[in-house]
Amino acid sequence: MATLEDLKQKASEVIDKASADLNELSQEIWKNPELNFEEHHAHKVLTDFLEKYGFEVERHYLLDTAFRATYGGSSGGGLNVCVICEYDALPDIGHACGHNLIAECGAGAGLGIKAALELAGKPMGKLTILGTPAEEGGGGKVKMIEKGAFKDIDVAMMCHPADRICNAASLHFLAIIHLDVTFYGKAAHASYAPWEGINALDAAIMFYQNMSVMRQQMKPTWRTHGIISNGGSKPNIIPEKTEVTYYLRAPTDGELSLLTEKALACADGAAKSTGCKMEYKLHGKYKNVITNRILANLFTSNGQKQGVKFLSDEMAAKMSTGSTDMGDVTCEVPGIHPMYGLETDSVNHSQGFTAATGAPEAQKPTLIQARTLAMTALDVFDGGEDLMKEIRRQFEDDVKKNKGL
């Protein structure tokens, strides 16, 4: 009977053996960047790849460019461990967030886990690889959650590339919501009869200034950033309609609700002080990532055995982060969203990082992450229901804290 270490060794060997195929997969996605819900080429190459390696593949799973690939679990029960692939790109700058590497990492981990489960000689559970489109603002995972994609999944994992300083099993990804505010005034000739007008641009500027002044009393972990997306049509017309968009971020769902209330008060005050009417829309909400500490510790241990040097918890807590719809997943099931560094000083969402995600140097750290994800999944399968009880207990406690309960 194969030991856990035998299974981990087998997973690593299979990932390394498939390295050329995995690199080709990543390059196909990198060279053909596709935006939210338009990832048709990425969907095809990923599903063809996984089918070739023996997975049962469901194309267009719940969403047109989503997929599900599974192995095992038809008999014998056991846990269902999910590895996630992302593959959408950014406008104009392509794969500047490295989703081609996330796809490669998820697919590679899947190959390793499948090979280990085959070697085990006994049913250990079910492996699911989920292809989730539209992370960059489209909320693909949120839509898949709403459609029930995670109902039978016990644990979900993925890895995300960043610049060279970032190797961390746990970072504090923020909850986010988009706030669109429209101010309505009254048009008038700006020189002939300005007193007949109600200036909606004044309201937009007052709102922006109110938000800026509010920063003095904001928590250091809160973030607000906005633009005036419509400031009027011509200088000699008092603007009767203006539009402002803000992204609001906070470490937890509860704090985001409080920040949203404050932002709406800023908008309402601006409207009242200028005599304008105000309408608003809240959308694009992502929850914060709740890192399961038990899973993160397993991931860290497996990574360290491969020479990965992780940031300390103290250093990781100080790092600025963004937001991701993986946060919504980690509020549904226990999960992790580790970050790993590429050999570049360029940061995510830059032209330099696009180049780094397509460079040959990206392959070594990505394969290490694939192996580490696979080993962590095997720890979960091997620990079975006893380990899963501990993971769930921590998950339930973390969710309560996140809601402020």
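Residue numbers run from 1 in the order of the sequence given.
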**Message:** Could you check whether any side-chain N or O of Thr260 sits under 3.5 Å from a backbone N or O of Leu256, counting only pairs where one atom can act as donor and the other as acceptor?
**Reply:** yes

**Item:** Nearest heavy atoms of Leu7 and Met124, plus distance in Å
**Value:** CD1-SD, 3.9 Å

**Request:** Using a 4.5 Å cut-off on heavy atoms from C-beta on, say whether the side chain of Thr300 contacts that of Asn167.
**Result:** no

**Message:** As a quick check of understanding, evaluate salt bridge (charged side-chain N to carboxylate O under 4.0 Å, His left out) for Arg371 and Asp16, giving each step before the final call.
**Reply:** CA-CA 9 Å; Arg371 294 196 297 266; Asp16 289 343; 2.7 Å; yes

**Request:** Scan side-chain atoms only and decide if Asn302 and Lys8 contain a donor-acceptor pair under the 3.5 Å cut-off.
**Result:** yes

**Request:** Evaluate the side-chain hydrogen bond (donor to acceptor under 3.5 Å, both in side chains) criterion for residues Arg164 and Thr344: first the C-alpha distance (whole Å), next the side-chain angles of each, then the deciding distance (0.1 Å), finally the verdict.
**Result:** CA-CA 6 Å; Arg164 72 177 73 240; Thr344 180; 5.6 Å; no

**Prompt:** Is the backbone N or O of Leu127 less than 3.5 Å from a side-chain atom of Thr70, with the two atoms forming a donor-acceptor pair by type?
**Reply:** no

**Asked** So, for Cys331 and Phe395, which heavy atoms are closest and what is the spacing to 0.1 Å?
**Response** O-CZ, 3.6 Å

**Message:** Between Glu51 and Arg59, does the salt bridge (charged side-chain N to carboxylate O under 4.0 Å, His left out) criterion hold? Intermediate values first, please.
**Reply:** CA-CA 10 Å; Glu51 196 167 64; Arg59 294 172 170 83; 3.2 Å; yes

**Request:** Starting from the C-alpha separation in whole Å, work towards a yes-or-no answer on side chain to side chain contact (heavy atoms under 4.5 Å, CB included) for Leu46 and Ile29.
**Result:** CA-CA 9 Å; Leu46 277 161; Ile29 298 171; 4.0 Å; yes

**Message:** Using only atom types and a distance under 3.5 Å, with no angle test, would you say the side chain of Asn348 pairs donor to acceptor with the backbone of Ala162?
**Reply:** no

**Request:** Answer yes or no: is there a side-chain heavy-atom contact under 4.5 Å between Glu86 and Pro133?
**Result:** no

**Request:** Could you walk me through whether Lys241 and Glu279 pass the salt bridge (charged side-chain N to carboxylate O under 4.0 Å, His left out) test, one step at a time?
**Result:** CA-CA 11 Å; Lys241 178 182 177 181; Glu279 293 179 354; over 6 Å; no

**Asked** Mind checking whether Phe353 and Pro161 have side chains closer than 4.5 Å, heavy atoms only?
**Response** yes

**Message:** Ring-plane angle category for Tyr71 and Phe55, please: parallel below 30°, perpendicular beyond 60°, tilted otherwise.
**Reply:** perpendicular

**Flag if over 12 foreign heavy atoms under 6.0 Å of CE, Met218** = yes

**Request:** Check the pair Lys318, Asp313 against salt bridge (charged side-chain N to carboxylate O under 4.0 Å, His left out), reporting the backbone distance first and the verdict last.
**Result:** CA-CA 9 Å; Lys318 293 178 180 178; Asp313 288 345; over 6 Å; no

**Asked** Between Asp6 and Thr3, do the side chains contain an N or O donor and an N or O acceptor separated by less than 3.5 Å?
**Response** yes

**Message:** Less than 3.5 Å apart, any donor N or O on the side chain of Thr366 or Tyr340 sitting next to an acceptor on the other?
**Reply:** yes

**Item:** Worked verdict on Phe37 versus Lys143 for side chain to side chain contact (heavy atoms under 4.5 Å, CB included)
**Value:** CA-CA 11 Å; Phe37 301 116; Lys143 297 182 189 308; 3.5 Å; yes

**Complete:** Heavy-atom nearest pair, His43 first then Ala66, reads NE2-O, 3.2 Å

**Complete:** To the nearest 0.5 Å, atom CG of Leu90 lies from atom CD of Glu34 at 13.5 Å

**Prompt:** Can you tell me if OH on Tyr208 sees more than 12 non-hydrogen neighbours from other groups inside 6.0 Å?
**Reply:** no

**Message:** Do Gln306 and Thr372 pair up side chain to side chain, a donor and an acceptor below 3.5 Å, judged on atom types alone?
**Reply:** yes

**Request:** Report yes if the side chains of Cys85 and Leu130 come closer than 4.5 Å at any heavy-atom pair, otherwise no.
**Result:** no

**Prompt:** Is there side-chain contact between Thr128 and Val81, with at least one heavy-atom pair below 4.5 Å?
**Reply:** no

**From CA spacing to verdict: side chain to side chain contact (heavy atoms under 4.5 Å, CB included), Leu25, Val45** = CA-CA 7 Å; Leu25 175 69; Val45 297; 4.0 Å; yes

**Item:** Distance-only polar pair, side chains of Gln9 and Glu13, donor-acceptor under 3.5 Å
**Value:** yes

**Prompt:** Which atoms form the tightest heavy-atom contact between Ala204 and Thr242, and what is the distance?
**Reply:** CB-OG1, 3.6 Å

**Request:** Check whether more than 12 heavy atoms from other residues, nucleotides or ligands sit under 6.0 Å from atom CD of Glu118, and answer yes or no.
**Result:** yes

**Which atom of Asn36 lies closest to which atom of Gly138, heavy atoms considered** = ND2-N, 3.2 Å

**Carboxylate-amine/guanidinium contact Arg393 Asp397, below 4.0 Å** = no

**Request:** Would you check if there is a donor-acceptor pair between the side chains of Ser26 and Asn100 at a distance under 3.5 Å?
**Result:** yes

**Prompt:** Just by distance, with hydrogens left out, do Glu28 and His41 show a side-chain donor and acceptor under 3.5 Å apart?
**Reply:** yes

**Request:** Would you tell me whether Asp180 and Tyr246 have side-chain atoms, one donor and one acceptor, within less than 3.5 Å of each other?
**Result:** no

**Request:** Return the minimal non-hydrogen interatomic distance between Ser323 and Glu135, and the atom names on each side.
**Result:** O-OE2, 3.6 Å

**Asked** Should Thr357 and Leu342 be marked as a side chain to side chain contact (heavy atoms under 4.5 Å, CB included) after you check the CA-CA gap, both sets of side-chain angles, and the distance that decides it?
**Response** CA-CA 8 Å; Thr357 62; Leu342 304 181; 4.1 Å; yes

**Any side-chain heavy-atom pair of Met211 and Val213 under 4.5 Å** = no

**Side-chain donor-acceptor contact under 3.5 Å, Asp253 with Asn288** = no

**Request:** Using a cut-off of 6.0 Å, state whether more than 12 heavy atoms not belonging to Tyr280 lie near its atom OH.
**Result:** no

**Asked** Counting distance only, does the side-chain N/O of Asp328 pair as donor-acceptor with the main-chain N or O of Lys141 below 3.5 Å?
**Response** no

**Tyr286 ring center within less than 6.0 Å of Phe173 ring center** = no

**Option from His337, His160, Met339 for which side chain to side chain contact (heavy atoms under 4.5 Å, CB included) with Leu171 holds** = Met339

**Request:** Would you please name every residue forming a side-chain contact (heavy atoms from CB on, under 4.5 Å) with Lys186, sequence neighbours left out?
**Result:** Glu196, Ile198

**Asked** For Lys219, which residues count as a salt bridge (charged side-chain N to carboxylate O under 4.0 Å, His left out) partner, sequence neighbours excluded?
**Response** Glu255

**Message:** Is any side-chain heavy atom of Asp154 closer than 4.5 Å to one of Met388?
**Reply:** yes

**Request:** May I ask you to test the Leu50-Thr47 pair for a side-chain heavy-atom distance under 4.5 Å?
**Result:** no

**Message:** Quick check on the 6.0 Å ring-centre criterion: do His99 and Tyr87 meet it?
**Reply:** no

